[in-house]
**Student:** 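Before I ask anything, let me first share the structure, which is written out below as structure tokens.
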2 protein chains.
Amino acid sequence: MELLKDCISKQVSIDTASLEKILSMFESEELKKGDYFLQSGAVCRKMAFIETGYLRMYDIADGKEITLWIGSSRKFITSISSYVFQTGSIWNIQALTDCKLHVITKEKHLLLGEQEPKWLEFDNLLLARSFALLEQGAFAHLHTTAQQRFDALMKNEPDLFLNVPQQHIASMLGIAPESLSRLRKKSIK
Amino acid sequence: MELLKDCISKQVSIDTASLEKILSMFESEELKKGDYFLQSGAVCRKMAFIETGYLRMYDIADGKEITLWIGSSRKFITSISSYVFQTGSIWNIQALTDCKLHVITKEKHLLLGEQEPKWLEFDNLLLARSFALLEQGAFAHLHTTAQQRFDALMKNEPDLFLNVPQQHIASMLGIAPESLSRLRKKSIK
DNA sequence: TAAATTTCTTAACAATTGTCAAGAGAATAG
DNA sequence: CTATTCTCTTGACAATTGTTAAGAAATTTA
């Protein structure tokens with residue numbers, strides 16, 4: 001629980017009691033590699049803070065699995081629009097490795113919102129950053145080459161390349177696995 | 001004001017009094033071609049419903065203007081994260097043609113939220129759809145070719161090609177203006 | 001309206017990335 | 001531990017898209 005504690009207290013100034021109250025609403029959950037946290041079509045009723053492990057968010061298009069995002073330690077993951085508006089999710093969320101999660105349900109999330117103003121503040125920051133991150137990703141795809149996106153990911157999340165199948169990373173970068181293989185080869189030289 | 005009225009009443013069931021209350025919070029605003037609705041760095045304090053005209057949302061990267069989105073009639077436009085969280089906007093929003101807008105300020109927006117539950121409902125739908133749209137756009141860039149994105153835009157928003165400089169459309173599609181020129185030529189045959 | 005400026009198109013060529021096929025390597029199941 | 005399956009790499013080639021440069025077309029300004 002330490003990681004989650006740090007994550008919250010680093011972003012909002014909060015007293016111990018409130019922080020403990022928030023933490024008490026989370027339950028631990030473990031996933032085995034390959035397990036699904038969410039399947040497309042279902043309404044997403046929980047949000048997870050990733051303690052350890054990797055999960056990918058993907059959908060299928062033209063018969064191919066396309067990975068939009070891979071979440072790793074210290075990140076929150078959920079199908080945002082499904083979780084916020086309780087509509088069917090288009091995304092699948094699957095564990096790429098064994099995972100340890102801290103999970104909060106939609107019910108407790110709403111309850112916390114009423115009882116702890118700091119949670120609302122934190123929740124808002126989370127949403128804002130998710131939106132901004134998505135926007136930045138979309139923006140990057142408009143003016144960068146695969147090479148540039150690869151370099152950036154290599155710099156910002158090098159651990160991904162060591163812990164996650166390359167095909168999913170390639171998909172997230174918007175390129176063929178073979179192309180990723182070539183870019184990796186170049187970068188090692 | 002008719003277009004805005006329709007836009008709201010088509011999405012939430014609402015009585016006349018509440019609808020009129022909401023509409024009364026909007027003020028008309030006209031922009032000349034080239035005028036800015038918002039400049040990057042500034043906190044975005046208003047949201048606009050586009051009655052007529054076209055506006056683009058863009059930022060500069062490596063010295064080039066990159067257009068993330070072009071808004072047209074019957075669409076809402078604002079720098080969402082800046083408007084929602086009152087932080088500095090990274091986006092510029094500029095009129096590409098003369099525009100007639102219906103504008104609501106952040107203050108009145110918040111006020112309406114307290115007074116009209118239906119506004120909250122509508123506002124939520126708007127945000128959810130903006131997020132979903134952005135997600136879909138990002139997703140599309142991962143598995144489609146420029147050709148496919150061009151075809152889709154041609155089908156969904158053909159009027160864009162007749163009313164907006166091609167260079168901005170190319171930017172939004174993530175390709176060079178010369179490439180767009182080629183795709184257009186092909187599609188005419 | 002005419003001149004100046006900006007935008008768009010075209011063509012040749014270069015660079016990047018995709019596709020296909022084969023084999024090497026790694027992970028998993030029995 | 002071994003066989004099987006899945007994943008990754010490599011190379012040859014094709015297709016797409018970017019770049020550069022020039023001229024045509026359209027728009028704006030005076």
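Note on naming: letters A, B, ... go to the chains in the order of the sequence lines (proteins, then strands), and numbering restarts at 1 for each one. Fair warning: this is a prediction, and the values are worked out from it, not measured in the lab.
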**Student:** Taking the six-membered ring for Trp and the single ring otherwise, decide whether the centroids of A:H168 and A:Y54 are under 6.0 Å apart.
**Tutor:**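 Ring centroids of A:H168 and A:Y54 are no less than 6.0 Å from each other.
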**Student:** Short question: side chain of A:K75, backbone of A:E51 - any donor-acceptor pair under 3.5 Å?
**Tutor:**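 A pair under 3.5 Å: no.
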**Student:** Which class fits the ring pair B:F49 and B:H102: parallel under 30°, tilted 30 to 60°, perpendicular over 60°?
**Tutor:**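 It falls in the parallel class, under 30°.
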**Student:** B:K185 has an atom NZ; how far is it from atom C1' of D:dA24, in whole Å?
**Tutor:**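 Spelled out: NZ on B:K185 to C1' on D:dA24 is 13 Å.
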**Student:** Using a cut-off of strictly less than 4.0 Å between a heavy atom of the residue and any atom of DNA chain D, enumerate the qualifying residues of residues 160-174 of chain A by number.
**Tutor:**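 Heavy-atom cutoff 4.0 Å gives A:P165, A:Q166, A:Q167.
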**Student:** Strictly distance-based, threshold 3.5 Å: is any side-chain N or O of A:D15 a donor or acceptor partner for the main-chain N or O of A:A17?
**Tutor:**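 Indeed, once roles are kept as given, a pair shorter than 3.5 Å links the two residues.
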**Student:** What is the minimum heavy-atom distance between A:M172 and A:H141, and which atoms define it?
**Tutor:**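 Taking every non-hydrogen atom into account, O-NE2, 4.1 Å.
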**Student:** Polar-atom pairs under 3.5 Å, protein N or O versus N or O of nucleotides 19-21 of chain C: list them with distances, or write none.
**Tutor:**
unit_1, atom_1, unit_2, atom_2, d
C:dC20, N4, A:E178, OE2, 3.3

**Student:** Round to the nearest Å and state the distance from A:R184 atom CZ to D:dT7 atom P.
**Tutor:**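 Distance, rounded to whole Å: 15 Å.
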**Student:** If an axis is fit to five pairs at each end of the helix from C:dT1-D:dA30 to C:dG30-D:dC1, what is the angle between the two, to the nearest 10°?
**Tutor:**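 What I find for the helix from C:dT1-D:dA30 to C:dG30-D:dC1 is an axis angle of 60°.
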**Student:** Please work out whether the ring planes of A:W119 and A:H109 are parallel, tilted or perpendicular, with thresholds of 30° and 60°.
**Tutor:**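 The rings of A:W119 and A:H109 stand perpendicular, inter-plane angle above 60°.
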**Student:** Do any N or O atoms of the protein come closer than 3.5 Å to N or O atoms of nucleotides 25-29 of chain D, and which pairs are they?
**Tutor:**
unit_1, atom_1, unit_2, atom_2, d
D:dT28, OP1, B:K33, NZ, 2.4

**Student:** B:S82 side chain to B:C44 main-chain N or O, any donor-acceptor pair under 3.5 Å?
**Tutor:**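 The answer is yes, because a donor-acceptor pair under 3.5 Å joins these two groups.
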**Student:** Do side-chain atoms of B:Q166 reach the backbone of B:F161 as a donor and acceptor pair under 3.5 angstrom?
**Tutor:**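 Pair found, side chain donor or acceptor close to backbone of B:F161.
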**Student:** Say whether, by atom type as modelled, one donor and one acceptor occur between the side chain of A:Q86 and the main chain of A:Y83 under 3.5 angstrom.
**Tutor:**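 Here the side-chain-to-backbone pair exists.
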**Student:** Does either side chain, that of B:R182 or that of B:S179, offer a donor lying less than 3.5 Å from an acceptor on the other one?
**Tutor:**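 There is such a pair (donor and acceptor under 3.5 Å, judged by atom type) between the side chains of B:R182 and B:S179.
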**Student:** Check for a donor-acceptor pair, side chain of A:S89 on one end and backbone N or O of A:S40 on the other, with a separation under 3.5 Å.
**Tutor:**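 Such a contact is absent between A:S89 side chain and A:S40 backbone.
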**Student:** Can you name the residues that form a salt bridge (Lys or Arg N to Asp or Glu O under 4.0 Å) with A:D98, not counting sequence neighbours?
**Tutor:**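 Partners of A:D98 by the salt bridge (Lys or Arg N to Asp or Glu O under 4.0 Å) criterion, ordered by chain and then number, come out as A:K32.
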**Student:** Within the structure, does a side-chain N or O atom of B:K186 lie under 4.0 Å from either OP1 or OP2 of D:dT17?
**Tutor:**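 No, B:K186 has no side-chain N/O under 4.0 Å of OP1/OP2 on D:dT17.
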**Student:** Specify the residues of residues 134-152 of chain A, ordered by number, for which at least one heavy atom lies under 4.0 angstrom from an atom of DNA chain D.
**Tutor:**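 Those residues whose heavy atoms fall under 4.0 Å from DNA chain D, taken from residues 134-152 of chain A, amount to none.
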**Student:** Keeping the roles fixed (side chain from B:E114, backbone from B:L111), state whether a donor-acceptor pair exists under 3.5 Å.
**Tutor:**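 Side chain of B:E114 to backbone of B:L111, a donor-acceptor pair under 3.5 Å: no, none is there.
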**Student:** Can any side-chain N or O of A:Q11 pair as donor or acceptor with the backbone N or O of A:C7 at less than 3.5 Å?
**Tutor:**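 Side chain of A:Q11 to backbone of A:C7, a donor-acceptor pair under 3.5 Å: yes, one is there.
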**Student:** Give me the atom names and distance for the closest heavy-atom approach of B:I8 to B:I22.
**Tutor:**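 For B:I8 versus B:I22, the nearest heavy atoms are CD1-CG2, 3.9 Å.
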**Student:** Rounded to whole angstrom units, what separation is found between the CD atom of A:E65 and the P atom of D:dC6?
**Tutor:**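 A:E65 atom CD is separated from D:dC6 atom P by 13 Å.
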**Student:** Tell me the interatomic distance from A:L180, atom CG, to D:dT7, atom P, rounded to whole angstroms.
**Tutor:**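 Taking atom P of D:dT7 as the reference, CG of A:L180 is at 15 Å.
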**Student:** Hey, does the side chain of A:K100 reach the backbone of A:G53 with a donor-acceptor pair shorter than 3.5 angstrom?
**Tutor:**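 No, because the side chain of A:K100 does not come within donor-acceptor range (under 3.5 Å) of the backbone of A:G53.
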**Student:** Please report, rounded to the nearest Å, how far the C1' atom of C:dA15 is from the CG atom of A:L183.
**Tutor:**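 Rounding to the nearest Å, CG of A:L183 and C1' of C:dA15 are 13 Å apart.
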